[in-house]
Each structure stands twice: as C-alpha cells, then as structure tokens.
Amino acid sequence: MSAIRIDGKGLAARLKAQVRAEAESMRRKPGLAVILVGEDPASRVYVTSKRRDCEECGFYSEEYALPAASAQKELLDLVAKLNGREDIDGILVQLPLPRGLDEREVLLAIDPGKDVDCFHPYNVGQLTIGTPVFQPCTPGGVMEMLREYGIDPAEKRCVVLGRSNIVGKPMALLLLHANGTVAVCHSKTPDLEELAASADILVSAVGRTGLVTADMVKEGAVVIDVAMNRNMEGKLCGDVCFEEVSQKASYITPVPGGVGPMTRAMLMKNTLAAAKLHQRIR
Ligand code: NAP
C-alpha cells in the first residue's frame with residue numbers, strides 16, 4: 001500500500017489565504033522586519049521568500065541587509081529601534097549569523113512580543129509550560145498538518161530524530177502537549193533504528209540524506225520529513241528514502257512541498273498573532 005502524501009504546499013496556501021483575510025479586517029496592516037547579516041546565499045533565498053509571503057498576506061514588510069562585518073552593537077541598535085516601532089509587529093533575524101556575532105545576545109534583545117520565530121527564552125519557556133504565545137514555526141507547521149489530516153498524537157508513540165532548539169526540542173514539546181508519548185533521538189542515541197521502528201509518528205529533523213530507510217519505519221506509521229538537504233545532483237531532498245518508506249507508511253510528507261511551505265505560513269500566522277496582540281494593547 002502506498003502512503004497518502006501530506007500536501008504541505010496546498011495547506012500552506014490555504015493558511016496564508018486565511019491570514020490575509022484576517023489581516024484585511026485589521027485597522028493597521030501587520031508589519032514584519034527581517035534582518036539579514038552577510039551574504040549567505042541560502043539565507044538570501046529565505047529572506048526573499050519571506051518578503052513574498054508578506055506581500056501575499058497583505059502585510060507591511062521591511063528588510064535590512066547588513067554587511068557580514070557589522071558590529072554586534074550595530075545589530076543590537078537596529079533590534080532596539082525595531083522593538084520601539086509601533087508599525088512593526090514581528091522581528092526576525094535570519095540565522096545563522098556570521099562568525100563573530102553573538103546570536104544568543106541578539107535573540108535575547110528582541111522584544112518577546114515581537115519574537116515571531118519563537119526563539120526568545122521567554123517564549124521557549126511559555127512553550128515548555130504549555131502556554132505558548134507563538135508557535136515555533138517548523139514544529140507548529142507539522143502540528144497543523146497532523147490536525148488537517150486527522151492524525152491525533154494522543155496515545156501514540158512519537159519519535160523525533162534530532163534535538164535542535166529550532167526543530168527537534170520544540171517538536172517534542174508540541175507532541176507531548178498533544179498527549180503523544182515522545183522519545184527524542186540524537187547523534188549519541190545507540191538504538192535509534194529500533195526506536196524509530198517503534199514509532200506511530202516519526203519526525204525526522206537531522207539533515208542526513210537517506211537516514212530513514214523502510215526498515216526503520218513501522219507498517220502504517222505517519223512519517224514527517226523536516227529535513228532540507230541537497231543530494232549528489234544538488235536536488236532538494238529530506239532525510240527519508242521517500243519511495244521505499246511510502247510503501248510502508250500510512251501518511252508521508254514530500255520534500256519539497258511538505259514541511260517547508262508550512263514553516264513559512266506559520267511565520268505569517270505568528271506575525272498576525274503579534275499584530276493582534278499589539279493592536280489590543282496600543
Ligand atoms: P541541527 O541543528 O544540525 O540539528 C541536527 C540534529 O540531528 C542534532 O540534534 C544532531 O544530534 C542530530 N543528528 C545529527 N546526525 C545524526 C545521526 N547520524 N543520527 C541521529 N541524529 C543525528 O539541524 P536543524 O536546524 O534542527 O535542522 C535539521 C534539518 O531540518 C536540516 O536538514 C534543516 O535544513 C531542516 N530544517 C527544515 C526546516 C523546514 O522548514 N522544513 C526548518 C528548519 C530546519 P546532536 O544534537 O547530538 O548533535
């Protein structure tokens with residue numbers, strides 16, 4: 001049996017249309033500021049796509065491109081200025097920052113009410129105790145996909161491959177809050193294959209092409225591939241061997257067209273949420 005492909009692209013388009021409809025009914029357009037430091041080509045692509053998403057959702061957006069040699073203070077001053085702007089609801093600093101800049105200090109400087117990436121320790125804390133202000137974009141997008149396809153993590157064994165602060169850890173928390181029973185694997189996990197094969201819901205966020213083979217997947221499992229790798233031909237692919245795993249899984253996300261578009265849509269949803277928050281307060 002071949003798995004049902006989870007259509008992240010289609011769902012993201014519907015989500016953005018809902019966001020746009022809500023944004024149009026607000027007295028002021030939601031505003032997002034994106035800061036890019038340096039010339040990393042992948043980061044440039046992400047920033048450009050965020051600008052396009054803002055246009056699609058009817059948001060106001062600003063982009064700041066700083067040279068790689070920028071001083072920490074320059075970046076902190078810019079964040080402070082944006083924190084004080086009433087027309088900016090969300091501030092996003094594109095990561096990774098060039099060497100020499102202190103990422104942690106920059107993320108701490110963002111007003112938690114404008115931290116639409118959900119990276120500030122205040123928001124991570126709120127997420128941990130189950131009262132998130134914003135949904136972390138990538139794991140939040142995965143949860144939206146599960147909901148859309150009627151997949152309830154409750155009473156399911158969930159295995160997350162990867163424990164980064166951006167994907168693995170918040171993914172595990174969201175699944176736990178949805179009453180899943182969660183195991184998190186990383187590079188020092190000795191029995192990763194066995195654990196993966198026990199999962200009803202398997203989420204892979206490692207960044208290793210070909211890591212998840214069919215023998216690591218339980219018959220009928222839901223397989224979510226977060227990774228965005230480049231294969232030998234330079235083509236975008238995930239961690240999961242899509243064709244063979246599709247023969248065993250019940251649902252599977254493709255790469256591209258799965259988690260990626262949902263991450264972008266969730267950023268728009270968070271910016272809208274921030275704008276609602278600010279318009280109530282101000
Ligand atoms: P990361 O910070 O490099 O984390 C990778 C995680 O995988 C780490 O926890 C690492 O373990 C673990 N790992 C590495 N090799 C392993 C192995 N052989 N077996 C088991 N675990 C292993 O990466 P990330 O930022 O979380 O991103 C992960 C992937 O998701 C990347 O492909 C990235 O491009 C993609 N991504 C996609 C989206 C999207 O929107 N679709 C968003 C963000 C990231 P240790 O902690 O022990 O080192």
Side-chain angles (χ1 to χ4, degrees), residues 5-9 11-13 15-16 34 40-50 52-53 92-97 103-104 107 116-119 124 127 134-146 159-175 182-199 202-213 215-217 223-232 234-242 252-270:
R5 281 167 77 114
I6 296 181
D7 179 14
K9 198 174 163 194
L11 179 55
L15 195 61
K16 282 192 280 184
V34 179
D40 178 53
S43 294
R44 164 48 57 204
V45 171
Y46 293 139
V47 168
T48 304
S49 58
K50 279 162 192 163
R52 240 183 281 127
D53 289 336
L92 185 148
V93 178
Q94 187 65 46
L95 301 180
L97 289 175
E103 208 163 277
R104 213 179 131 261
L107 295 181
V116 286
D117 252 342
C118 196
F119 290 164
V124 176
L127 172 69
F134 301 115
Q135 292 286 321
C137 296
T138 301
V142 171
M143 297 307 286
E144 291 274 346
M145 290 197 285
L146 295 181
V159 175
V160 179
L161 309 181
R163 59 170 165 181
S164 71
N165 290 333
I166 296 178
V167 190
K169 281 183 206 155
M171 185 73 253
L173 280 168
L174 291 183
L175 289 165
V182 186
V184 183
C185 300
H186 46 80
S187 66
K188 308 289 186 292
T189 303
D191 48 357
L192 181 138
E193 287 81 3
E194 256 173 67
L195 276 163
S198 73
L202 178 64
V203 181
S204 190
V206 169
R208 299 267 184 288
T209 308
L211 177 82
V212 180
T213 50
D215 55 354
M216 289 167 63
V217 174
V223 179
I224 307 290
D225 196 349
V226 174
M228 294 203 302
N229 313 318
R230 295 273 165 196
N231 67 12
M232 306 273 254
K235 247 182 79 188
L236 193 63
C237 63
D239 289 343
V240 176
C241 298
F242 186 83
I252 191 165
T253 59
V255 180
V259 178
M262 286 303 294
T263 298
R264 287 169 49 186
M266 290 303 287
L267 176 69
M268 297 298 107
K269 198 176 168 188
N270 280 347

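Remember, it's 1-based here, ligands and their atoms both numbered in the order they're listed.
- Nearest approach of Q94 to S43, heavy atoms of both residues: CG-CB, 3.7 Å.
- Under the side-chain contact (heavy atoms from CB on, under 4.5 Å) criterion, L173 pairs with L127, T128, H177, sequence neighbours left out.
- Here T138 pairs with V167, V226, V259, T263 under the side-chain contact (heavy atoms from CB on, under 4.5 Å) rule; sequence neighbours left out.
- Between I166 and P136, every side-chain heavy-atom pair lies at or beyond the 4.5 Å cut-off.
- Scanning for side chain to side chain donor-acceptor pair (under 3.5 Å) contacts around D239 gives S204, N229, with sequence neighbours left out.
- Judged purely by atom type and a 3.5 angstrom limit, T253 uses its side chain to pair as donor or acceptor with the backbone of D225.
- Residues with a heavy atom under 4.0 Å from ligand 1: T138, G162, R163, S164, V167, H186, S187, L192, A205, V206, G207, R208, V226, A227, M228, N229, V259, G260, T263.
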